[in-house]
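Here the structure is laid out as structure tokens; the discussion comes afterwards.
Keep in mind the model is a prediction, meaning the values are calculated, not measured.
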Amino acid sequence: MLWQALTAMRDLRRLHEIASILIRYGFGDMVRRMGLSNALERAGTALHWNEATDFAHMTPPERVRRALEEMGPTFVKLGQVLATRVDLLEPEWTAEFGKLQDSAPPAPWAAVHQQLTEDLGAPPEEIFAAFDPEPLAAASIAQVHRARLEDGGEVVVKVRRPGIRPILEADLRWLARLAELAETERAEWRVLHPREMVRQFGQSLRNELDFAGECRNAERIAENFTGYTDQDSPPVVPGEEKPDADGAPPIIVIPRVYWQWTGERVCVQEFIGGISGRRLQAVDQAGLDRKMLARRGANAVLKMIVEDGVFHADPHPGNVFYLPGNRIAFIDFGMVGRLEEERRDQLIRLLLGLVRNDARSVVDVMLDWTSDGVANEQDLLLEVQSFIDRYHGVPLKQLRLSAMLSDLVAIPRQHHLVLPNDLSLLIKAFVTLEGLGRELDPGFDMANQALPLLERAMHARYSPATLLRRGRRAAGDIFSLLAGLPQDISRLLRAVRRGRLEVHIDVTHLRRVGDQLDNAANRLVIGIVVAALIVGSSIVMTVSGGPTLLGLPVFGLVGFLGAVAGSLWLLLSILRSGRGR
């Protein structure tokens, strides 16, 4: 099956690497079931099936994590995405996938230099006053170099690894085929919609390859922070290291983008010379206020989520820098989450339901978030009520928001409900942010920090201006519908008069019934052919003359052999269908 899906020989070497790694970590049975072994053996490639003994002592999540690391950038990214899906996976799996680090040795400088020359229009040493060929950091998709402009400004040059796109595309083709097999052959995986998950993952990964898109994300977030302030500072204009008109430096810094040298494979941004979020000892040595940094970082990310609807989905310590004056800089906007206004309203309704002990409102929001129905809505309601009772009355300082969200999304998982992808990014951002805040300040209270912002968002949801804007939008939609109604009715009547009215109904279960009928018809035809071969061969056996083999007519023997082959195929088909059920 997989062999027929592969349309080019270029995937074979990559498939051999993947199959060898899976076998080495004890997943040889998976390789066989996916058809990888047949595909590679038919291409003359040998697989070593006795390599799994060294990893037998590892737990299944650890073996999967190690295999993903060896399989390369696509699978490391996939594991990092799965680490956010607490609605799909048990905690031990998400915790193990959370250990995946996106790091790699630097790419050869000659290949990087050639690609930079193509993208910049000239060699980097001619574009910049100084360029360091030794990268500051190297990951699986890109690496970062430091450079200096002619005017003395310090910048970082992010370069996509040469030749990385064909590898990622081959991996995505393989993942798409794997998702198709999982959805058609395993009923218990069908509810997870693996093909849709792989499609979204592929789209996200391709977006991450486009550095121009990442820079657009950065500029949009920077624009949202224009004039941003908190209770400790006057209004500021972010995006620049220079003070604003009031003399106050920006609280939240987003690196400036140099668009004249930025494209799909390279981006040039302002260099941030602060203290990395991983160097907490250096934070203390610089005399910065840890509590203020934790509070400001939390307020900034919460503003992105609740007010702006565009947020940094991975605010881990490596993507955060601390600057003099207790200011904060965010970098690397390759993973950005988006929440539409409707989704933010749903989030507010859910939080209101939790605060007001209204389990029905929480369940309604959960069902709005999922595309599939729930088998027993009453059981879901009881579990949500039990969850609310468990956290109701807990003092805010004792409340762990990340743990509460993890427990909440575990409820849909038990009922085979899949949450939208944007919500998994939201939960990841909350969990990462709370962890970052507690590293800075062990007494950091995420719930108490979020509550004022959520209350403002709740009040703003019902403000006159918001209601007026929604009313105008609804009125515009209704007017547009009414304006197009005469034309739609005219088209409908014209189609009826011409006898060309068509009604399309797509019912998934009917498609499965059709497939079953098709299989039954195939078996019936094979059965008739087998019976005909037996009868015809029996008649041929009684006729004298013609070629013989072992004293028997050759044509009669061929007919009996064909009947035996058809009978075996029919028997195997029936056995396979029984295992599928």
Side-chain angles (χ1 to χ4, degrees), residues 5-6 8 10-11 14-15 17-18 21 64-65 67-85 88-89 94 97-104 107 115 137-144 158-180 182-183 192-218 262-267 310-316 318-319 331-338 418-429 432:
L6 299 174
R10 58 185 176 179
D11 288 339
R14 182 61 178 151
L15 286 176
E17 294 175 0
I18 292 171
I21 293 171
V64 173
R65 192 257 303 170
L68 292 175
E69 286 177 337
E70 287 199 28
M71 284 192 288
T74 307
F75 298 91
V76 170
K77 294 291 183 183
L78 178 62
Q80 291 174 338
V81 170
L82 291 175
T84 70
R85 298 311 301 259
L88 299 180
L89 302 175
T94 55
F97 289 152
K99 299 177 183 178
L100 287 167
Q101 298 295 322
D102 190 11
S103 59
Q115 182 174 295
S140 56
I141 290 180
Q143 59 189 48
V144 178
K158 186 174 181 180
V159 188
R160 195 170 79 190
R161 279 182 173 270
I164 191 65
R165 179 178 281 276
I167 297 175
L168 299 185
E169 292 294 344
D171 290 345
L172 289 174
R173 285 193 295 272
W174 180 78
L175 283 174
R177 178 57 180 160
L178 177 59
E180 182 181 347
E183 193 161 317
L192 303 179
H193 307 292
R195 283 191 287 188
E196 177 62 19
M197 290 177 60
V198 170
R199 187 195 66 79
Q200 292 180 356
F201 171 68
Q203 181 180 355
S204 173
L205 192 58
R206 292 185 181 99
N207 290 340
E208 197 167 343
L209 289 176
D210 182 8
F211 293 166
E214 176 183 335
C215 290
R216 285 191 291 270
N217 291 335
T262 294
E264 181 183 347
R265 298 191 300 183
V266 62
C267 70
V310 181
F311 60 93
H312 197 308
D314 195 20
H316 65 75
N319 289 337
I331 66 169
D332 192 357
F333 294 88
M335 185 180 293
V336 170
R338 289 176 171 81
V418 181
L419 296 182
N421 186 54
D422 54 356
L423 291 174
S424 65
L425 287 177
L426 172 66
I427 294 168
K428 172 183 169 61
T432 306

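Remark: R216 engages D210, A212, W259 in a side-chain contact (heavy atoms from CB on, under 4.5 Å) (not counting sequence neighbours). The side-chain contact (heavy atoms from CB on, under 4.5 Å) search around A137 returns none, not counting sequence neighbours. In this structure, Q115 has no side chain to side chain donor-acceptor pair (under 3.5 Å) partners at least two apart in sequence or on a different chain. Listed by chain and residue number, H312, D314, H316, I331, D332 satisfy the side-chain contact (heavy atoms from CB on, under 4.5 Å) test with N319 (two or more places apart in sequence, or in another chain). With sequence neighbours excluded, the residues forming a salt bridge (charged side-chain N to carboxylate O under 4.0 Å, His left out) with R206 are E169, listed by chain and number. Here F75 pairs with W174 under the ring pair (Phe, Tyr, Trp, His ring centres under 6.0 Å) rule; sequence neighbours left out. Scanning for side-chain contact (heavy atoms from CB on, under 4.5 Å) contacts around A107 gives V112, Q143, R161, P162, with sequence neighbours left out.
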key: side-chain contact (heavy atoms from CB on, under 4.5 Å) evaluation trace for V336 with N207   = CA-CA 10 Å; V336 170; N207 290 340; over 6 Å; no

inquiry  = For a side-chain contact (heavy atoms from CB on, under 4.5 Å) check, start with the C-alpha distance between L172 and F201, then their side-chain angles and the critical distance, and finish with the verdict.
reply    = CA-CA 9 Å; L172 289 174; F201 171 68; 3.9 Å; yes

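From S140, atom OG reaches atom CD1 of I167 across 10.5 Å, with rounding to the nearest 0.5 Å. Between the CD atom of Q203 and the CD atom of E208 there is a distance of 13.0 Å, given to the nearest 0.5 Å. The distance from the CG atom of L205 to the CE atom of M335 is 9.5 Å, given to the nearest 0.5 Å. Here the CG-NZ distance, from L68 to K77, works out to 13.5 Å after rounding to the nearest 0.5 Å. Rounding to the nearest 0.5 angstrom, the gap separating the CZ atom in F211 from the CD1 atom in I141 is 7.5 Å.
Counting all heavy atoms, side chain and backbone alike, V76 lies closest to E69 at CG2-CA, 4.0 Å. Shortest non-hydrogen contact noted between G334 and E214 is N-CG, 3.6 Å.
A 4.5 Å side-chain heavy-atom check between F97 and V64 finds at least one atom pair inside the cut-off.
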